[in-house]
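Read through the structure below, which is laid out as structure tokens, and then see the notes.
Remember, predicted model here, so these are calculated numbers, not experimental data.
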Amino acid sequence: MRILKHLCAAPARRRFPDSSLRRIAAAIAAGEADHSGQLRFAVEARLGWNELLAGRDARQAAHAAFAQLGVWDTAGNNGVLLYLLLADHRIEIVADRGYARRVGDERWQAVCDGIQQALAAGEAEAAVLGGIAALNQIMAEAFPRRAGDAAAAGNELPDEPVLL
């Protein structure tokens with residue numbers, strides 16, 4: 001059944017047209033003004049045939065995207081990836097090791113739950129924007145932007161969403 005869902009999944013651009021992607025990028029950029037972390041958003045409509053046959057799940061795909069997009073490689077070890085796998089209706093948050101002692105799993109899960117509720121209501125852009133706002137708040141608490149911080153010096157990763 002899962003293979004069929006993936007084969008029939010609509011392109012991510014249907015839920016996230018260019019105008020939505022621009023608003024999401026702007027929300028990421030605005031939020032990063034308050035913290036030294038780096039936030040990325042990636043959405044994948046479906047997994048490929050080989051990935052499905054190998055049993056890859058959304059969490060594994062999110063970790064692969066985390067590495068592929070360089071979110072793990074920030075100066076402050078404070079990158080966060082918000083990942084959506086549309087065919088599986090899964091939201092994953094992958095946070096770099098700098099958050100390990102600062103943010104509990106329940107906080108990340110609460111963000112995922114909020115996004116899931118908004119997605120279920122058919123509001124893809126609003127769901128992601130709400131999730132980005134919540135993530136930026138968590139990131140600002142864990143890594144507030146301070147003048148002179150090496151990690152706060154600039155934007156290390158692009159703010160634009162990625163359609164995988």
Side-chain angles (χ1 to χ4, degrees), residues 1-32 35 37-74 78-96 99 103-140 142 155-164:
M1 190 65 166
R2 181 175 186 235
I3 291 174
L4 186 59
K5 285 191 321 186
H6 280 260
L7 291 175
C8 297
R13 199 163 289 283
R14 186 172 294 168
R15 284 210 177 167
F16 297 100
D18 287 341
S19 58
S20 290
L21 297 175
R22 282 191 299 274
R23 286 188 287 274
I24 291 168
I28 290 170
E32 286 182 351
H35 57 78
Q38 295 294 305
L39 178 59
R40 295 294 319 257
F41 169 63
V43 60
E44 194 159 16
R46 60 184 157 264
L47 296 178
W49 184 253
N50 289 340
E51 294 169 304
L52 291 170
L53 290 178
R56 179 176 257 186
D57 63 14
R59 189 73 181 162
Q60 292 166 324
H63 277 276
F66 184 78
Q68 174 188 344
L69 298 173
V71 183
W72 63 273
D73 195 26
T74 62
N78 56 1
V80 173
L81 173 67
L82 173 59
Y83 173 87
L84 268 65
L85 180 55
L86 296 174
D88 285 347
H89 305 283
R90 294 284 309 173
I91 299 110
E92 297 288 343
I93 296 171
V94 183
D96 205 348
Y99 292 97
V103 179
D105 290 341
E106 69 282 350
R107 299 256 340 250
W108 303 123
Q109 187 59 51
V111 175
C112 289
D113 293 344
I115 295 169
Q116 183 63 48
Q117 290 173 353
L119 283 172
E123 300 292 332
E125 180 184 336
V128 171
L129 290 173
I132 287 169
L135 288 173
N136 277 321
Q137 180 179 351
I138 291 169
M139 295 169 79
N155 196 13
E156 295 178 67
L157 299 174
D159 298 327
E160 291 75 24
V162 178
L163 302 180
L164 299 169

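A distance of 8.5 Å separates CG in Asp57 from CG in Asp88, rounded to the nearest 0.5 Å. In this structure, CG on Leu47 lies 4.5 Å from CG on Leu85, to the nearest 0.5 angstrom. With rounding to the nearest 0.5 Å, the separation of CG in Asn155 from CG in Leu39 is 10.5 Å. Taking OH of Tyr83 as the start and CG of Leu69 as the end, the distance is 10.5 Å to the nearest 0.5 Å. Rounding to the nearest 0.5 angstrom, the gap separating the SG atom in Cys8 from the CZ atom in Arg46 is 9.0 Å. Atom CD of Glu156 and atom CG of Asp73 lie 8.0 Å apart (nearest 0.5 Å).
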Passes side-chain contact (heavy atoms from CB on, under 4.5 Å), Leu81 versus Ile93? Steps please. CA-CA 6 Å; Leu81 173 67; Ile93 296 171; over 6 Å; no
Evaluate the side-chain contact (heavy atoms from CB on, under 4.5 Å) criterion for residues Val80 and Val71: first the C-alpha distance (whole Å), next the side-chain angles of each, then the deciding distance (0.1 Å), finally the verdict. CA-CA 7 Å; Val80 173; Val71 183; 5.5 Å; no
Begin from the C-alpha positions of Arg2 and Leu52 and carry the test side-chain contact (heavy atoms from CB on, under 4.5 Å) through to its verdict. CA-CA 8 Å; Arg2 181 175 186 235; Leu52 291 170; 3.7 Å; yes
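Between Ile132 and Ile24, some side-chain heavy-atom pair lies under the 4.5 Å cut-off. Arg40 is not listed as a side-chain neighbour of Leu82, based on a closest heavy-atom distance of 4.5 Å or more. Side-chain atoms of Ile91 and Ile115, non-hydrogen and from C-beta on, do get closer than 4.5 Å to each other. Between Asn136 and His35, some side-chain heavy-atom pair lies under the 4.5 Å cut-off. You'll find the side chain of Gln68 reaches within 4.5 Å of the side chain of Leu164, heavy atoms only.
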Side-chain atoms of residues 105-112: list all donor-acceptor pairs with protein atoms under 3.5 Å, sequence neighbours left out, distances to 0.1 Å.
residue : atom : partner : partner atom : Å
Arg107  : NH1  : Glu141  : OE1          : 3.0
Arg107  : NH2  : Glu141  : OE1          : 3.1
Gln109  : NE2  : Asp113  : OD1          : 2.8

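The side-chain hydrogen bond (donor to acceptor under 3.5 Å, both in side chains) check on Arg13 picks up Asp18, with sequence neighbours excluded. In this structure, Asp159 has no salt bridge (Lys or Arg N to Asp or Glu O under 4.0 Å) partners at least two apart in sequence or on a different chain. Under the salt bridge (Lys or Arg N to Asp or Glu O under 4.0 Å) criterion, Arg90 pairs with Glu92, not counting sequence neighbours. Among residues two or more places apart in sequence or in another chain, the salt bridge (Lys or Arg N to Asp or Glu O under 4.0 Å) test is passed with Glu123 by none. Residues meeting the side-chain hydrogen bond (donor to acceptor under 3.5 Å, both in side chains) test with Glu32, sequence neighbours left out: none. For Arg56, the side-chain hydrogen bond (donor to acceptor under 3.5 Å, both in side chains) partners at least two apart in sequence or on another chain are Glu51. For Arg15, there are no salt bridge (Lys or Arg N to Asp or Glu O under 4.0 Å) partners, not counting sequence neighbours. Scanning for side-chain contact (heavy atoms from CB on, under 4.5 Å) contacts around Pro11 gives Arg14, with sequence neighbours left out. Scanning for side-chain contact (heavy atoms from CB on, under 4.5 Å) contacts around His63 gives Arg59, Val94, with sequence neighbours left out.
Closest non-hydrogen pair, Ala87 versus Ala9, comes out as CB-CB, 3.9 Å. The shortest non-hydrogen separation linking Leu129 to Ala27 is CD2-CB, 3.7 Å. Among all heavy-atom pairs drawn from Phe66 and Gly79, the shortest one is CE1-O, 4.1 Å.
Residue pairs satisfying the ring pair (Phe, Tyr, Trp, His ring centres under 6.0 Å) criterion with at least one member in residues 2-32, sequence neighbours excluded, are listed as follows: Phe16-Phe41. Residue pairs meeting the salt bridge (charged side-chain N to carboxylate O under 4.0 Å, His left out) criterion with at least one partner in residues 131-140, sequence neighbours excluded, are absent.
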